[in-house]
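Labels below follow one simple rule: chain letters A, B, ... track the order of the sequence lines, proteins then strands, and each chain is numbered from 1.
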There are 2 protein chains.
Amino acid sequence: MNKAHKLHKHTDDCHPDHSHDQALKRALQVLKTSSLKGTQARIAMLEFLTEKHGPFSPEDLHRMLKEKNMDLVTIYRTLAAFEKIGLVRRCDFGDGISRYEFESEKSHHHHVICKSCKRIDNIDKCAAQKVQRVVEEMGYSDISHNMEFFGLCSDCKSKG
Amino acid sequence: MNKAHKLHKHTDDCHPDHSHDQALKRALQVLKTSSLKGTQARIAMLEFLTEKHGPFSPEDLHRMLKEKNMDLVTIYRTLAAFEKIGLVRRCDFGDGISRYEFESEKSHHHHVICKSCKRIDNIDKCAAQKVQRVVEEMGYSDISHNMEFFGLCSDCKSKG
DNA sequence: TTTCGTGCAAAACCTTTGCAAAGTG
DNA sequence: CACTTTGCAAAGGTTTTGCACGAAA
């Protein structure tokens with residue numbers, strides 16, 4: 001069974017300001033800083049991720065970048081590398097599939113996934129910051145978080 | 001490789017009021033209401049989960065309830081059934097392992113996982129409620145959420 | 001040139017499924 | 001007794017690993 005790989009596109013624009021190229025430049029900079037080589041595969045993935053934003057599963061990326069003839073394994077390894085240096089964030093929608101999204105201060109947000117039609121909406125407000133302060137007070141540093149919401153969207157509700 | 005299965009115990013008491021048995025009673029009630037049979041396996045798991053609370057992976061439970069001679073598959077199926085009727089909540093710590101925790105209104109909370117020593121602390125404050133209101137305004141109903149924090153605990157920080 | 005990254009094949013791992021036997025109400 | 005649940009075995013799907021070849025600095 002090929003679970004819920006095809007999820008709806010976002011219903012709102014993540015980047016109405018067309019700041020893709022800036023994000024890409026910064027990303028390539030981070031790559032250098034981390035002494036990772038600027039290979040074709042990595043550049044192709046960063047171009048895609050900064051423009052389309054996500055979240056995408058490794059298989060999604062493999063399919064959507066198939067003209068680049070990259071191995072799925074390379075995509076897994078590249079995403080792991082990107083995650084380690086903070087270029088992407090891993091999302092978990094609870095279906096056993098990892099999804100990744102380009103991460104930057106500006107772009108940080110969370111999602112609601114409709115339990116029925118699997119559509120994804122962005123939530124711009126990140127209330128986790130208040131909790132983050134609590135976590136800091138507990139003595140933690142270098143804090144990150146995951147937060148996803150699940151619900152029934154209005155369309156699915158009205159359809160019964 | 002057997003990833004981070006052995007996580008530290010919580011460093012604070014979840015239930016200083018010893019309300020295990022009450023929670024267990026209510027859980028068994030929910031079982032009946034959902035027309036699920038009160039089998040040995042289910043009762044053993046509920047006893048364990050209401051007392052020790054979690055979060056536990058299926059394998060954790062299998063190991064810790066090994067005197068009951070339950071098959072791992074039974075544990076998977078039971079957890080799935082419990083999750084469906086809201087008796088447990090699934091947590092994702094981003095390491096590819098599902099962990100489950102007994103869920104009740106009183107017990108609802110989130111975690112911080114130390115990236116280094118894997119210790120888990122509870123966060124009692126659930127700031128997700130404000131975001132939940134935003135999600136409601138977007139038209140969603142029947143909303144649930146996952147939220148986990150990751151950081152470096154003070155012990156690990158001082159050890160370098 | 002030296003180090004790092006990629007592709008391919010295979011393995012590891014967690015989770016799910018099918019079916020006969022046993023248990024529950 | 002009718003129906004659900006369990007155990008066992010096997011399969012499924014995602015992710016990881018090993019190694020030789022190729023690419024980047």
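For A:S98, the side-chain atoms get nearest to D:dT15 when compared with the rest of D:dT6, C:dG5, D:dT15. You'll find that the side chain of A:L72 is closest to D:dT15, out of C:dT15, D:dT15, D:dT5. The side chain of A:V73 sits closest to C:dA9 out of C:dT17, C:dT6, C:dA9.
Taking atom CZ of B:F56 as the reference point, atom P of C:dC14 lies 18 Å away to the nearest angstrom. Counting to the nearest Å, the P atom of D:dT16 and the NZ atom of A:K84 are 11 Å from each other. Here D:dT17 presents its P atom at 15 Å from CG of A:D71, a figure rounded to the nearest Å. To the nearest angstrom, P of D:dT14 lies 18 Å from CD1 of B:I97. In this structure, CD of A:Q40 is placed 12 Å from C1' of C:dG5, rounded to the nearest angstrom. Nucleotide D:dA25 holds its P atom 8 Å from the CD1 atom of A:I43, rounded to whole Å. For the pair A:K37 NZ and C:dG5 C1', the interatomic distance rounds to 7 Å; values are reported in whole Å. When the P atom of D:dC8 is taken as reference, atom CE of B:M70 falls 12 Å away, rounded to whole Å.
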Output side-chain donor-acceptor pairs under 3.5 Å for residues 134-144 of chain A, partner residues at least two apart or in another chain, one line each.
{"from": "A:Y140", "atom 1": "OH", "to": "B:D121", "atom 2": "OD2", "distance (Å)": "2.7"}
{"from": "A:D142", "atom 1": "OD2", "to": "B:K115", "atom 2": "NZ", "distance (Å)": "3.3"}

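If you check every strand for non-hydrogen atoms under 4.0 Å, A:S35 touches nothing.
Side-chain nitrogen and oxygen atoms of A:T39 include none within less than 4.0 Å of the OP1 or OP2 phosphate oxygen of C:dG5. Contact annotation: A:R77 does not reach the phosphate of C:dG5 (side-chain N/O to OP1 or OP2, under 4.0 Å). Taking only side-chain nitrogens and oxygens, A:Y76 comes nearer than 4.0 Å to OP1 or OP2 of D:dT15. Contact check, B:T74 against D:dT5: no side-chain N or O comes under 4.0 Å of OP1 or OP2.
Evaluation of the salt bridge (Lys or Arg N to Asp or Glu O under 4.0 Å) rule for B:R89 yields B:E101, B:E103 as partners, not counting sequence neighbours.
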Could you please spell out the steps behind the ring-ring contact (aromatic ring centres under 6.0 Å, His included) verdict for B:F102 and B:F82?
-> CA-CA 9 Å; B:F102 183 72; B:F82 286 177; 8.7 Å; no
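A:F150 contributes atom CZ, which lies 11.0 Å from atom NE2 of A:H111 (distance to the nearest 0.5 angstrom).
Positionally, the nearest nucleotide of DNA chain C for A:A41 lies more toward the 5' end than for the other of B:R90 and A:A41.
With respect to the salt-bridge test (charged N to carboxylate O, under 4.0 angstrom), the residues A:R90 and B:D92 qualify.
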